[in-house]
Amino acid sequence: MMKGIYVICHLMKYDHGLIDAKWQEKWAKEGAYKTSKELKGPKYYILDMFPYPSGTGLHVGHPKGYIATDIVARFAKMRGASVLHPMGWDAFGLPAENFAIKNKIHPRAAVEANIVTYKRQLESIGFSYDWDHEVNTTDPDYYRWTQWIFVQLWKKGLAYESREPINWCPSCKTGLANEDLEGGKCERCGSDVEKKPMRQWVLKITDYADRLLEDLKLLDWPESIKESQRNWIGRSEGAEIQFKIKNDELRMTNDRITVFTTRPDTIFGATYVVLAPENEIVSELLKQKGSIKNESLVFEYVNAAKKMSEIDRSDAKKEKTGVNLEGVFVINPANGKKISVWIADYVLPDYGTGAVMGVPAHDKRDWDFARKYKLSIVRVISSNENKSDFDNWHDDYLNSGKLIQSGSFDGQDSLSSKKAITEFVGGKWVIKYKLRDWVFSRQRYWGEPIPIVHCQSCGAVAVPEAELPVKLPDVDHYEPTGTGESPLAAIESWVNTSCPQCGGPGKRETNTMPQWAGSSWYYLRFIDPRNTEALVDPAKEKYWMKVDLYVGGAEHATRHLIYARFWHKFLHDLGAVSTIEPFLKLWSVGLIMGEDGRKMSKRFGNVVNPDDVIAEYGADVFRMYEMFMGPFSDSISWSTEKIKGVARFLDKVYDLKDHLADSESPDVTRLLAKTIAKVTDDMDTFSFNTSVSAMMIFINEAREKGISRSSFAKFVQILCPFAPHLSEELWSLLGHEDLVVLSSWPTFDPSMIQNETGTWVIQINSKVRAQIIAPIDTPLEEMLEMAKKDPKIMALLESKEIKKTIFVRGKLVNFVV
RNA sequence: GCCGUCGUGGUGGAACUGGUAGACACGCAGGUCUCAAAAACCUGUCUCUUCACCGAGGUGUCGGUUCGAUUCCGACCGACGGCACCA
């Protein structure tokens with residue numbers, strides 16, 4: 001049989017292709033989605049995480065979040081708010097650049113072509129974006145302001161050059177920030193990341209660590225995202241304590257080692273001190289010939305540690321290694337004892353002070369180290385396991401408890417003595433963060449040039465604001481060089497310039513900004529995208545900020561969402577924005593997986609293209625199915641079977657237009673009121689799946705019992721945010737001249753959703769034994785009367801003594817016998 | 001190891017502040033229409049027992065609070081996510 005002939009029987013009853021196109025055209029022509037220019041009245045700023053336009057176009061997972069924001073945007077509009085709902089392109093960065101290199105075209109050309117595809121795809125879904133507010137991070141009029149923000153950071157000392165070893169991806173040939181790593185590998189390409197000392201620009205995000213942490217309280221964000229940020233910032237309280245170096249022959253600029261500890265209460269048990277191999281004190285000691293007796297061994301260890309990769313070094317399961325600095329001792333300030341000094345790579349150079357005190361009795365790592373090198377172990381907190389058995393570690397050694405062998409602190413509770421002991425040893429109570437400064441330069445072509453000129457006499461000088469943007473020049477080869485310079489370094493005519501300060505010869509900075517730069521403030525530019533005087537007009541900023549609703553992927557929890565908060569707080573400090581946080585309410589969108597349960601990927605051949613779905617079912621079925629699949633933030637597999645349910649539903653809705661009556665049963669009117677209430681309430685909690693189900697329930701009832709024209713019109717209005725094309729079609733078929741999206745959200749009489757009568761459940765010993773239909777407000781006595789008259793209840797209660805009666809108004813009666 | 005989120009039919013999932021567990025939808029089975037199929041429509045569909053009614057069990061496991069627990073509390077098991085030699 002020729003299968004093709006039979007497949008023609010199309011699922012949809014209405015011509016969605018025609019209807020979609022007709023209304024998309026009409027919306028555009030009438031400017032239905034233009035943002036109001038008046039800065040008055042209630043406003044709603046609804047934002048999506050803007051995409052980078054990759055060469056492969058959208059798959060069905062990408063628009064899921066956009067559908068949700070579009071629904072809320074249309075809803076807000078119908079409720080009378082002024083809505084800002086923009087879209088744009090995050091087009092700088094490695095993905096766009098790699099695509100361009102692979103396909104041998106200029107990144108700019110690739111990006112332009114990809115944007116055309118993306119825009120066509122987005123428009124086919126019928127989103128209500130105001131394209132007048134479109135931004136593109138690679139547009140010089142845009143990145144002028146990205147560079148401007150960098151200059152402000154530089155002026156405030158928050159952007160600085162550093163030569164510390166950083167993460168280097170040998171495959172992408174660029175330095176990376178900590179945030180760009182995933183388990184020690186490059187987040188982009190999966191290569192093992194190396195530590196490489198190189199000159200780089202760094203932003204002092206650590207200055208904002210406390211505020212970034214503290215202000216999470218103000219945000220209506222998912223708990224998981226807030227928790228990720230808290231973990232990332234990693235606050236801990238403890239003490240900085242100095243251990244004096246005991247060696248009179250030494251002439252040190254610094255004659256003490258400062259350690260950081262969260263357990264100052266255990267200091268009487270500190271039997272040695274360990275420095276990170278990179279600690280400056282080590283190199284200083286090495287410089288003084290003879291101060292370390294085993295110099296060459298130490299030197300060797302330090303070099304080996306520097307070569308080691310981050311993953312190898314930070315593997316907790318690795319056996320601990322270290323070298324004693326022979327001849328160097330320090331004094332434990334708690335008990336005056338002379339103790340040894342070691343270097344070991346388990347101590348990290350860039351956390352705390354790069355030095356720790358070794359308390360093997362109460363720290364697992366110190367225990368391992370001390371056991372290996374036969375260092376003494378002194379217990380200072382009494383333990384249940386108080387055998388003098390030092391062969392095995394017990395986790396309860398970590399617990400707090402009664403102090404012993406701790407001088408005058410003996411007998412006190414360790415936990416509450418922390419601060420007193422810190423004071424006793426002359427230490428300082430401090431707060432430390434795991435968050436590191438943001439490595440901000442990339443040795444790649446496709447990014448914003450960092451607007452700095454290096455001058456031999458003036459050093460690094462910022463390009464004057466009036467000369468911004470520093471445009472990204474064209475190059476012959478945009479492949480990364482791997483030399484620590486970007487391909488821009490090859491363009492001498494661009495690199496060589498004059499110093500803005502002294503006019504002498506200068507060289508431009510050739511590193512570019514990371515992908516995250518443009519997206520750290522784009523939500524501000526959306527408000528006022530064509531402003532040539534400022535990054536955003538203050539009056540407009542004040543009206544539109546904060547972003548009321550922000551939707552995007554949870555994978556941005558510790559990248560984009562931290563960077564943007566940092567920049568926003570900085571701009572607030574500058575007086576450029578009026579709020580201390582950018583995004584009030586955040587929803588994370590759950591992934592749509594392939595039908596096989598795996599992540600959609602070309603590699604698995606499980607990618608579903610929205611173009612195909614829309615061709616078969618239309619934009620409205622596509623939108624509604626994505627919302628009906630399940631809870632918005634859950635990740636769920638695409639199903640070519642289940643989408644049929646939504647298609648059938650919209651067919652039924654369309655079909656119903658030919659069966660309208662002048663009046664209807666009060667049941668239908670009441671259910672409509674309930675449905676409106678449900679859909680309205682669900683907007684707040686992003687429970688779109690239950691909204692769709694409520695609408696299905698309503699349509700099932702309306703088909704069975706009949707529906708009036710006026711009720712159907714109201715239904716079409718609440719359907720509008722979900723299925724805008726079909727709704728417009730039906731609205732106009734009902735005789736309306738205006739657009740349904742510009743109509744007012746339907747109201748209902750609140751008393752309608754209060755049932756007058758309901759089903760009462762009669763229980764005996766909490767088991768349901770009967771149901772009685774009766775008025776909701778039936779009083780207690782009357783209800784008991786009715787319940788007892790029920791034949792089944794009567795039979796069951798016979799010869800039983802009622803011990804207790806529970807009465808829940810409008811719901812149930814429970815006899816306990 | 002620490003922290004967070006979550007465990008409900010064959011499947012996706014629903015259940016408001018504790019009150020009829022499984023809404024809605026998919027799938028499946030039977031039926032209507034058809035020469036036949038597709039589509040559409042109707043009926044049924046948690047498990048066990050039963051012809052059926054009735055009954056019993058049932059929301060990861062084990063306990064607890066309560067007249068009543070998917071919901072609250074405790075312990076455990078499992079999944080996903082974040083952090084992790086961070087002192």
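Chain letters run A, B, ... following the sequence lines, proteins first, then strands; residues in each count from 1.
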Please list, pair by pair, any protein nitrogen or oxygen found under 3.5 Å from a nitrogen or oxygen in nucleotides 47-49 of chain B.
none

In dot-bracket form, 5' to 3', how is RNA chain B paired? Count Watson-Crick and G-U wobble pairs only if both distances fall under 3.5 Å, and write | where the partner sits on another strand.
(((((((..(((......[....)))((((((.......))))))(((......)))..(((((..]....))))))))))))....
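- Here the P atom of nucleotide B:A14 and the NZ atom of A:K674 are 20 Å apart, to the nearest Å.
- Judged by closest nucleotide on RNA chain B, A:G630 is the one of A:K792 and A:G630 placed further toward the 5' end.
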Would you give me the side-chain donor-acceptor pairs under 3.5 Å for residues 427-435 of chain A, sequence neighbours excluded?
from: A:W429; atom 1: NE1; to: A:E237; atom 2: OE1; distance (Å): 2.9
from: A:K432; atom 1: NZ; to: A:E240; atom 2: OE2; distance (Å): 2.6

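- Comparing the same atom, C1', in B:C3 and in B:G57 gives a spacing of 38 Å after rounding to whole Å.
- Of all nucleotides listed (B:G12, B:A87, B:U5), B:U5 comes nearest to the side chain of A:E223.
- Residue pairs satisfying the side-chain hydrogen bond (donor to acceptor under 3.5 Å, both in side chains) criterion with at least one member in residues 260-269 of chain A, sequence neighbours excluded, are listed as follows: A:R263-A:D265.
- Rounded to an integer number of Å, the gap from CD of A:E801 to P of B:C67 is 16 Å.
- For the pair A:E616 CD and B:A38 C1', the computed distance is 14 Å after rounding to whole Å.
- Distance alone, capped at 3.5 Å, is enough to place a donor-acceptor pair between the A:R559 side chain and the A:E179 backbone.
- Of the listed nucleotides (B:A87, B:G13, B:C41), B:C41 has the atom at the smallest distance from the side chain of A:R703.
- Atom C1' of nucleotide B:G13 and atom CG of A:D682 are separated by 14 Å, given to the nearest angstrom.
- Applying the 4.0 Å criterion to OP1 and OP2 of B:G55, one finds that A:R769 has a side-chain N or O inside that range.
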Check nucleotides 82-85 of chain B against the protein and report each pair of N or O atoms closer than 3.5 Å, with its distance, or say if there are none.
from: B:G82; atom 1: N2; to: A:N231; atom 2: ND2; distance (Å): 3.3
from: B:G82; atom 1: N3; to: A:N231; atom 2: ND2; distance (Å): 3.0
from: B:C83; atom 1: O2'; to: A:K434; atom 2: NZ; distance (Å): 2.9
from: B:C85; atom 1: OP2; to: A:S314; atom 2: O; distance (Å): 3.4
from: B:C85; atom 1: O3'; to: A:R365; atom 2: NH1; distance (Å): 3.0
from: B:C85; atom 1: O2'; to: A:Y346; atom 2: O; distance (Å): 3.0
from: B:C85; atom 1: O2; to: A:K320; atom 2: NZ; distance (Å): 2.4
from: B:C85; atom 1: N3; to: A:K320; atom 2: NZ; distance (Å): 2.9

Classify every nucleotide of nucleotides 18-26 of chain B by which part a protein heavy atom approaches to under 4.0 Å, writing B for the base, S for the sugar-phosphate alone and - for neither, in 5'-to-3' order.
-BB--BBSS
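- Aromatic ring orientation, A:F686 versus A:F688: tilted (interplanar angle from 30° to 60°).
- For residues 622-633 of chain A, every residue pair satisfying the salt bridge (Lys or Arg N to Asp or Glu O under 4.0 Å) rule, not counting sequence neighbours, is listed here: A:D70-A:R623.
- Under the salt bridge (Lys or Arg N to Asp or Glu O under 4.0 Å) criterion, A:K306 pairs with no residue at all, not counting sequence neighbours.
- Of the possible donor and acceptor atoms, one in the side chain of A:W760 sits under 3.5 Å from a partner among the backbone N and O of A:P775.
- Ring planes of A:Y373 and A:F369: tilted class, angle from 30 to 60°.
- Note on residues 681-690 of chain A: pairs passing salt bridge (Lys or Arg N to Asp or Glu O under 4.0 Å), not counting sequence neighbours, are A:K678-A:D682.
- The aromatic rings of A:F622 and A:W638 are tilted relative to each other, their planes meeting at an angle between 30° and 60°.
- Residues satisfying the side chain to side chain contact (heavy atoms under 4.5 Å, CB included) test with A:A370, not counting sequence neighbours, are A:Y272, A:P360, A:L375, A:I377.
- Not counting sequence neighbours, the partners of A:D180 by the side chain to side chain contact (heavy atoms under 4.5 Å, CB included) test are A:L176, A:A177, A:R442, A:W516.
- When rounded to the nearest whole Å, the span between CD1 of A:I343 and P of B:A87 equals 22 Å.
- Remark: P of B:G13 and CE of A:M627 are 14 Å apart, rounded to the nearest angstrom.
- Rounded to whole Å, the distance from NZ on A:K803 to P on B:G68 is 12 Å.
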Polar atom pairs (N or O), protein with nucleotides 77-80 of chain B, under 3.5 Å:
none

